[in-house]
Trainee: 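Okay, here's the structure, questions in a sec.
Per chain, numbering begins at 1; letters A, B, ... match sequence-line order.
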2 protein chains.
Amino acid sequence: MVSNKELQEKRMRGYFIDAAKETLKGEGLKAVNVRTVAERAGYSFATMYNYFKDLNELIFICVKDFISECEAFADEQTDQQTPGSMRLRARIRAMIQYFTQYPGIFELFYLERMNNIGARQPTAEMIYLFADRIIQNDLDQMISSGEISAPDAEMLKISLRNGVAGLLLFYNNRLQPGDYRKFTETAEKQLTYLLGLPGIRH
Amino acid sequence: MVSNKELQEKRMRGYFIDAAKETLKGEGLKAVNVRTVAERAGYSFATMYNYFKDLNELIFICVKDFISECEAFADEQTDQQTPGSMRLRARIRAMIQYFTQYPGIFELFYLERMNNIGARQPTAEMIYLFADRIIQNDLDQMISSGEISAPDAEMLKISLRNGVAGLLLFYNNRLQPGDYRKFTETAEKQLTYLLGLPGIRH
DNA sequence: TAAATATTTTTAACATTGTTCATTGTTTAT
DNA sequence: ATAAACAATGAACAATGTTAAAAATATTTA
């Protein structure tokens, strides 16, 4: 049972959160500032400070929401598949797709939030755990089916997490590879490469 | 033959460049701003604009210098070794060591510079090519010795570049793994893992 | 209902940082 | 010695995050 006050406060926070999320998805991180977000929400910039400690807190909430959204997207893309290496690939593919669709979110996750001293530790940990969570289920399945040993699975997990972060980091800066088609091709090859390890029984 | 004017101008630029580099290595990227750098150089902040287009140009020069420094460090660490997979490992180890010794430089390379719209493309490309250059020699040797095929070498190169970037990205944010000892252990394991691929003849 | 009180929103102001420009001081060439 | 060129600087502006007092609005109470 929530009071009117709580409900109203939640709505107000929602306006700002939505405005920030829209801006992040659309114009990207550099367009997010107190004044533009507040304008989009339909309030003065100072009003934000009545509902959030500071801009960091607001953006932190966006990160949490985007994590959920990305996980939901991966779930949705793979709900027909059974756990295992094929689904693992599909889930990573979904994650890559999500971040390339919203470069601003990638920037937020891997460049800005992690870089931020203030909210450093908790945010970075969240992002880090999220990347692992995306693939944990399938790795467990691969272990229990004897497809891979537990230590090899651990290495695979780290390699995938780091490799995907690096892959997106370079692509996000419009470099390598140049176009999207070539990028997905490289991503697929890299997945195949990382999954083609000696420890895995094919 | 350089004129006095050119010499003097070069010196002036050097004062600012050194001040910026010291600040980056010591206090990190967030401590770098026009006023602190100029103070360290012994001049007013406005003087900087007589020698550099803007702060970006100054920092861009630092990036170039750090790239050279890191390459020199890798060369120095491996000058006793012959080209091949062992030296490849050692060179990557040197690169990782360099960036963990100077977190501010990593931040600059992979988080800030790449993130910067203005100087985006050229800087990111430079950083990207530098990472490849560190290992190119040894990869070529491995190819010509028949240790690895050219296509596999290309995949290995990409995997290493992306994997190292991701590894440093997560470690730099003080997360995974917690302490330096554990970190180097993980880095070694990951190197072994990536180099232990099916395409490589052992 | 009207005054008093509490809450919410906003305007004004400040701090920090990057940047530009006019002024001032200094050097150089005639 | 003086005019021209050059170098260094402080004042000022713009953008952004933040705070605090003032204004507007809502709620409570007599």
Trainee: Check every strand shown and say whether B:Tyr49 touches a base, only sugar-phosphate, or nothing at a heavy-atom separation below 4.0 Å.
Mentor: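 Base, at least one base heavy atom under 4.0 Å.
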
Trainee: Starting at atom CG of A:Leu55, determine the distance to atom C1' of D:dT18, rounded to an integer number of angstrom.
Mentor: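 In whole Å, D:dT18 C1' lies 11 Å from A:Leu55 CG.
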
Trainee: Roughly, in whole Å, what's the span from CZ in A:Arg13 to P in C:dT9?
Mentor: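 So the two atoms are 14 Å apart, to the nearest Å.
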
Trainee: For the pair made of CZ in B:Phe52 and C1' in D:dA8, what is the distance, rounded to whole Å?
Mentor: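 Result: 15 Å.
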
Trainee: Take the protein atom CG of A:Asn56 and the nucleotide atom C1' of D:dT16, then report the distance between them rounded to whole Å.
Mentor: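 From A:Asn56 CG to D:dT16 C1': 14 Å.
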
Trainee: Please classify the nucleic acid contact of B:Tyr51 as base, sugar-phosphate, or nothing, using heavy-atom distances under 4.0 Å.
Mentor: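 Sugar-phosphate, backbone atoms only, no base.
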
Trainee: Can you find a side chain N or O atom of B:Thr47 that sits less than 4.0 Å from OP1 or OP2 on D:dT9?
Mentor: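 So the side-chain polar atoms of B:Thr47 do come within 4.0 Å of the phosphate oxygens OP1 or OP2 of D:dT9, strictly under.
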
Trainee: What is the distance from CG of B:Asn33 to C1' of D:dA14, rounded to the nearest Å?
Mentor: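 Interatomic distance, CG of B:Asn33 to C1' of D:dA14: 16 Å.
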
Trainee: Apply salt bridge (Lys or Arg N to Asp or Glu O under 4.0 Å) to the pair A:Glu69 and A:Lys21, showing each step before the final yes or no.
Mentor: CA-CA 12 Å; A:Glu69 190 177 77; A:Lys21 288 202 280 191; over 6 Å; no

Trainee: Does any donor-acceptor pair link the side chain of A:Arg35 with the base of C:dT10 at a separation under 3.5 Å?
Mentor: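 Between C:dT10 and A:Arg35, which were checked side chain against base, a qualifying N/O pair under 3.5 Å is absent.
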
Trainee: For the aromatic rings, using the six-membered ring if either is Trp, is the centroid distance between B:Tyr102 and B:Phe106 under 6.0 Å?
Mentor: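 No; B:Phe106 has its ring centre 6.0 Å or more from that of B:Tyr102.
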
Trainee: Taking the side chain of A:Asn50 as heavy atoms from C-beta outward, which of D:dA8, D:dG17, C:dT9 is closest to it?
Mentor: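 Ranking D:dA8, D:dG17, C:dT9 by closest atom to the A:Asn50 side chain puts C:dT9 first.
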
Trainee: Which residue lies toward the 5' end of DNA chain C, A:Met12 or B:Asp54, if each is placed at its nearest nucleotide?
Mentor: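 On the 5' side of the pair lies A:Met12.
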
Trainee: Are B:Tyr51 and B:Tyr15 close enough that their ring centers fall under 6.0 Å?
Mentor: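 Centroid separation for B:Tyr51 and B:Tyr15: 6.0 Å or greater.
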
Trainee: Could you tell me which non-hydrogen atom of B:Ala90 sits nearest to which non-hydrogen atom of B:Thr78, and how far apart they are?
Mentor: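 Closest approach of B:Ala90 to B:Thr78: CB-CG2, 3.6 Å.
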
Trainee: Let me know the distance between CE of A:Met48 and P of C:dT11, rounded to the nearest Å.
Mentor: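 Answer to the nearest Å: 16 Å.
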
Trainee: Nearest to the side chain of A:Phe45, heavy atoms from C-beta on, is which of C:dA12, C:dT10, C:dG18?
Mentor: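 Nearest to the side chain of A:Phe45 among the choices is C:dA12.
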
Trainee: Quickly, which of B:Leu194, B:Asp138, B:Leu195, B:Leu191 forms a side-chain contact (heavy atoms from CB on, under 4.5 Å) with B:Ile92? Name it, please.
Mentor: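 Answer after filtering B:Leu194, B:Asp138, B:Leu195, B:Leu191: B:Leu191.
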
Trainee: Starting from C1' on C:dT8, measure out to CZ on A:Phe16 and report it in whole angstrom.
Mentor: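 Atom CZ in A:Phe16 sits about 11 Å away from atom C1' in C:dT8.
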
Trainee: Which listed nucleotide (C:dG18, C:dC21, C:dA13) is nearest to the side chain of B:Ala46?
Mentor: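 Nearest listed nucleotide: C:dC21.
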
Trainee: Quick one: A:Glu39 CD to C:dT9 P, roughly how many Å, whole number?
Mentor: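 A:Glu39 atom CD is separated from C:dT9 atom P by 17 Å.
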
